[in-house]
Amino acid sequence: MAAQSLDQIVSFCKRRGFIFPGSEIYGGLQGTYDYGPLGVELKNNLKRAWWRHNVYERDDIEGIETSLLTNRYVLRYSGHEKGFSDPLVDNKTTKKRYRLDHLLKDQEPGVLDAIAAHLGIERPDDMDVFVDALLQDTSKAQAALLAAKVVDAQDGKPGDWTEPRQFNLMFKTQVGPVADDESFAYLRPETAQGMFVNFKNVVDSTNRKLPFGIAQTGKSFRNEITPRNFLFRVRELEQMEIEYFVRPGDDEAVHDAWIEDHIEWWVNVVGLKREKIQLFEHVKLAHYSKRTVDILYNFPTLGFDELEGIANRTDWDLGSHSRSQDTLPLSENTKARVMLNEHSVEKLTYFDQPNNQHIVPFVIEPAAGVDRGVLAALCEAYDEELLENGETRIVLRLPAVLAPIKVAVLPLKKNEPTIVETAKKIKKLLQSGGDMRTVYDDTAAIGKLYRRQDEAGTPFCITVDFDTIGRGRDGDTSMENTVTVRHRDSMLQERVAIDDLLHYIKSRIA
RNA sequence: GCGGGAGUAGCUCAGUGGUAGAGCGCUACCUUGCCAAGGUAGAUGUCGCGAGUUCGAAUCUCGUCUCCCGCUCCA
């Protein structure tokens with residue numbers, strides 16, 4: 001039986017050392033989690049599998065790793081400094097909270113005129129401009145909302161509004177020893193911008209031709225208003241992102257291809273069931289997006305929710321980060337909305353040799369959450385199996401490539417020195433390659449050792465017994481130097497020669 | 001940020017003013033010829049944190065933090 005609730009997964013993760021609450025002994029820190037000994041292996045394996053699929057097994061992707069601390073101009077021109085913050089206002093009577101722009105959109109024109117009059121300005125057509133005007137002086141804005149009798153849809157009456165407050169979803173941090181208003185940087189809210197600002201560097205250093213992509217995994221930070229639901233919404237998260245650059249006009253077909261490719265990856269590599277995956281077509285689009293499609297997974301408790309978002313970011317980002325934008329062949333939407341860039345020293349364009357012209361590529365962005373991926377993999381793999389003898393076996397049916405521990409070596413009897421020594425020797429042999437986690441355990445009876453490994457998701461247990469050391473029953477030595485390999489999912493066993501073990505295991509965990 | 005619920009051993013939870021408990025798990029030894037076997041011994045808690053009331057607080061009050069549910073938010 002699969003996990004029935006997220007709580008079940010949460011306590012399992014803590015008990016077995018996958019995931020712990022962040023800063024726990026000091027009462028925790030909201031929206032942070034730490035990965036334990038098994039968790040870090042699983043997470044690394046997931047990232048490695050992603051990198052392998054998206055970088056190594058393709059011809060058209062380069063990897064990159066950019067800094068988390070980000071120059072504020074990067075996030076100004078990307079639109080985040082402005083668009084990544086929400087002005088919020090509360091109605092003290094109804095206890096409802098609204099985004100200011102959403103609230104204003106629902107008002108009668110007369111109410112908006114009254115607000116403008118109170119501020120002493122003409123009413124702007126553009127809601128963003130209007131909101132900006134209100135945020136210039138929040139106490140004056142509060143007075144304006146009250147004077148204009150802004151209505152709360154909840155009860156249909158003028159609300160008792162608080163001052164509007166700007167809720168910035170980006171973390172700022174001080175850079176350098178002098179704490180003044182200008183010496184700060186942002187912690188990046190997405191890894192994407194690092195790839196955009198390095199577009200020229202990658203093109204120049206690799207001689208890439210369109211279409212090609214840049215891939216990156218790494219931490220991002222979002223000051224979520226309400227971090228919730230375990231790993232699902234956290235303030236420090238890790239992303240696996242690709243910015244795939246194409247000729248304008250090719251973007252729509254490439255977008256569809258990435259969606260298909262990544263659904264397949266979640267199903268075939270991470271092991272998520274196809275029927276637990278859905279697509280969600282965004283109706284309300286981000287400022288940079290022409291079309292965004294989410295890949296959703298059916299999490300316990302949460303239901304279908306986002307695992308990966310695949311956006312067509314058009315030429316927005318490259319255009320935004322370029323100087324002299326008026327000289328570039330930008331798309332109409334970008335041209336109309338892009339902020340004049342007074343700080344960039346580069347034009348992020350691509351010279352199209354065959355047609356002898358500069359173009360600004362369109363970008364398709366598959367952006368997945370590593371932590372959400374780990375959570376989905378755990379939820380999918382978690383199984384409470386009812387055995388024939390009436391007992392329950394918890395087994396984590398992770399694909400071998402994701403399993404934290406690949407193989408456990410166990411002595412059938414720990415009070416038989418030759419068996420113990422042989423088992424430890426085999427453990428050394430298997431770990432010598434250095435590219436997989438192996439364990440030796442003799443602290444319980446063999447059945448319990450198997451069950452422990454089942455919970456950890458270990459696909460193979462190797463048991464050293466009397467046959468291994470040439471002391472089989474009735475003097476049988478025919479199975480000397482062979483061991484039992486016990487399979488996690490089926491609990492079946494087979495006999496394998498020690499000399500063949502390394503190859504046997506490696507060929508089954510790739 | 002608002003409303004509701006919760007926080008006691010690693011996990012699940014009992015304990016309503018009077019010496020902190022159970023099950024599972026964990027450790028050591030014995031036993032054990034393959035699926036959470038048995039025996040013996042053992043460790044583990046600022047009862048989330050901080051104040052207050054009280055002779056005495058896990059228990060009552062207030063504050064605070066964290067988690068869960070609902071609102072809100074989710075580029």
Side-chain angles (χ1 to χ4, degrees), chain A residues 5-8 10-17 20-32 36 75 78-99 102-103 154 162 165 167-170 189-190 192 222-230 232-235 282 284-289 292 294 301 305-306 309 311 313 367 387-389 391-395 410-416 419 443-455 461-468 471-473 483-488 490-493:
Chain A
S5 72
L6 216 48
D7 288 343
Q8 214 175 345
V10 172
S11 68
F12 173 79
C13 282
K14 181 166 182 196
R15 185 164 56 81
R16 287 313 313 254
F20 310 123
S23 307
E24 190 181 16
I25 66 166
Y26 288 106
L29 179 64
Q30 215 181 3
T32 62
L75 293 157
S78 68
H80 287 84
E81 203 168 59
K82 186 171 188 309
F84 208 60
S85 63
D86 294 331
L88 302 175
V89 60
D90 293 322
N91 180 348
K92 287 185 271 191
T93 307
T94 61
K95 306 288 187 195
K96 286 280 175 179
R97 167 178 292 174
Y98 296 93
R99 263 176 62 170
H102 290 180
L103 180 68
Q154 177 73 14
T162 61
R165 285 161 303 130
F167 193 101
N168 198 314
L169 288 101
M170 288 198 293
E190 58 176 12
R222 301 178 183 193
N223 191 18
E224 299 284 355
I225 298 172
T226 317
R228 212 166 262 198
N229 297 327
F230 196 38
F232 192 80
R233 176 161 295 120
V234 285
R235 290 195 165 127
H282 278 241
K284 280 168 54 185
L285 294 169
H287 61 274
Y288 52 71
S289 176
T292 299
D294 288 347
T301 303
D305 220 326
E306 183 185 355
R313 294 182 76 132
L387 298 175
E388 287 175 9
N389 63 10
E391 285 171 353
T392 301
R393 178 174 83 121
I394 294 178
V395 49
L410 316 169
L412 183 64
K413 285 187 58 159
K414 68 171 164 177
N415 59 356
E416 174 51 58
I419 288 182
T443 58
I446 191 70
K448 182 175 285 190
L449 296 180
Y450 285 152
R451 296 300 171 82
R452 272 187 199 156
Q453 295 303 323
D454 288 340
E455 283 193 347
C461 287
I462 288 167
T463 306
V464 175
D465 57 18
F466 287 92
D467 291 318
T468 311
R471 282 166 48 192
R473 280 182 204 268
V483 292
T484 296
V485 174
R486 179 262 192 186
H487 295 260
R488 177 194 68 200
S490 61
M491 296 191 283
L492 296 176
Q493 308 184 121

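Residue numbering restarts at 1 for every chain, and letters A, B, ... go by the order of the sequence lines. Bear in mind the structure is a predicted one, so any value in this text is a computation, not a measurement.
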Can you name the atoms? Protein N/O to nucleotides 26-30 of chain B N/O, anything below 3.5 Å, with the distance.
| residue | atom | partner | partner atom | Å |
| --- | --- | --- | --- | --- |
| C26(B) | OP1 | Arg452(A) | NE | 2.8 |
| C26(B) | OP1 | Arg452(A) | NH2 | 2.6 |
| C26(B) | OP2 | Lys448(A) | NZ | 3.4 |

What is the distance, to the nearest angstrom, from the [atom1] atom on [X] to the [atom2] atom on [N]?
{"X": "Arg228(A)", "N": "C67(B)", "atom1": "CZ", "atom2": "P", "result": "9 Å"}
{"X": "Leu6(A)", "N": "C68(B)", "atom1": "CG", "atom2": "C1'", "result": "11 Å"}
{"X": "Leu387(A)", "N": "A36(B)", "atom1": "CG", "atom2": "C1'", "result": "10 Å"}
{"X": "Asp305(A)", "N": "C73(B)", "atom1": "CG", "atom2": "C1'", "result": "13 Å"}
{"X": "Glu416(A)", "N": "U32(B)", "atom1": "CD", "atom2": "P", "result": "11 Å"}
{"X": "Arg473(A)", "N": "G33(B)", "atom1": "CZ", "atom2": "P", "result": "8 Å"}
{"X": "Arg486(A)", "N": "A36(B)", "atom1": "CZ", "atom2": "P", "result": "10 Å"}
{"X": "Arg16(A)", "N": "C24(B)", "atom1": "CZ", "atom2": "C1'", "result": "14 Å"}

Do [X] and [Y] make a side-chain contact, defined as non-hydrogen atoms from C-beta onward lying under 4.5 Å apart?
{"X": "Thr443(A)", "Y": "Arg452(A)", "result": "yes"}
{"X": "Leu410(A)", "Y": "Ile446(A)", "result": "yes"}
{"X": "Leu75(A)", "Y": "Pro189(A)", "result": "yes"}
{"X": "Gln453(A)", "Y": "Arg488(A)", "result": "no"}
{"X": "Gln30(A)", "Y": "Glu224(A)", "result": "no"}
{"X": "Glu416(A)", "Y": "Arg471(A)", "result": "yes"}
{"X": "Leu387(A)", "Y": "Met491(A)", "result": "yes"}

Considering all heavy atoms, the nearest Phe12(A)-Glu455(A) contact: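 For Phe12(A) versus Glu455(A), the nearest heavy atoms are CZ-O, 3.2 Å.
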Can you tell me the base-pairing partner of [N]? Count Watson-Crick or G-U wobble geometry only, both distances below 3.5 Å, and say none if there is no partner.
{"N": "G3(B)", "value": "C69(B)"}
{"N": "G45(B)", "value": "none"}
{"N": "C35(B)", "value": "none"}
{"N": "U16(B)", "value": "none"}
{"N": "A9(B)", "value": "none"}
{"N": "A58(B)", "value": "none"}
{"N": "U40(B)", "value": "A28(B)"}

Donor/acceptor link under 3.5 angstrom from Tyr450(A) side chain onto base of C34(B):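 Pair found.
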Touch class at under 4.0 angstrom, heavy-atom based, for Ile446(A) against every strand present: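 Sugar-phosphate: the residue Ile446(A), judged by heavy atoms under 4.0 Å, touches backbone atoms but no base.
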Same-atom distance (C1') from G18(B) to C11(B), integer angstrom: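 Approximately 30 Å lies between the C1' atom of G18(B) and that of C11(B).
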P atoms of C71(B) and A28(B), separation to the nearest Å: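 That atom pair is separated by 49 Å.
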Closest-nucleotide ordering on RNA chain B, the 5'-leading residue of Arg222(A) and Glu455(A):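 That would be Glu455(A).
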Nearest-nucleotide 5' precedence on RNA chain B, Asn229(A) against Gly472(A):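 That would be Gly472(A).
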Nucleotide of [options] approaching [X] most closely (side-chain heavy atoms):
{"X": "Gln30(A)", "options": "U66(B), C35(B), C69(B)", "value": "U66(B)"}
{"X": "Arg451(A)", "options": "C67(B), A36(B), C34(B)", "value": "A36(B)"}
{"X": "Gln493(A)", "options": "G70(B), C35(B), C67(B)", "value": "C35(B)"}

Where protein sits on nucleotides 7-15 of chain B, one letter per nucleotide: B base, S sugar-phosphate only, - none, heavy atoms under 4.0 Å: ---SSS---
Leu449(A) side, atom CG; Lys414(A) side, atom NZ - distance, nearest 0.5 Å: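 Leu449(A) CG to Lys414(A) NZ: 8.5 Å, rounded to 0.5 Å.
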Donor-acceptor contact below 3.5 Å, side chain Ser5(A) vs main chain Gln8(A):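 A pair under 3.5 Å: yes.
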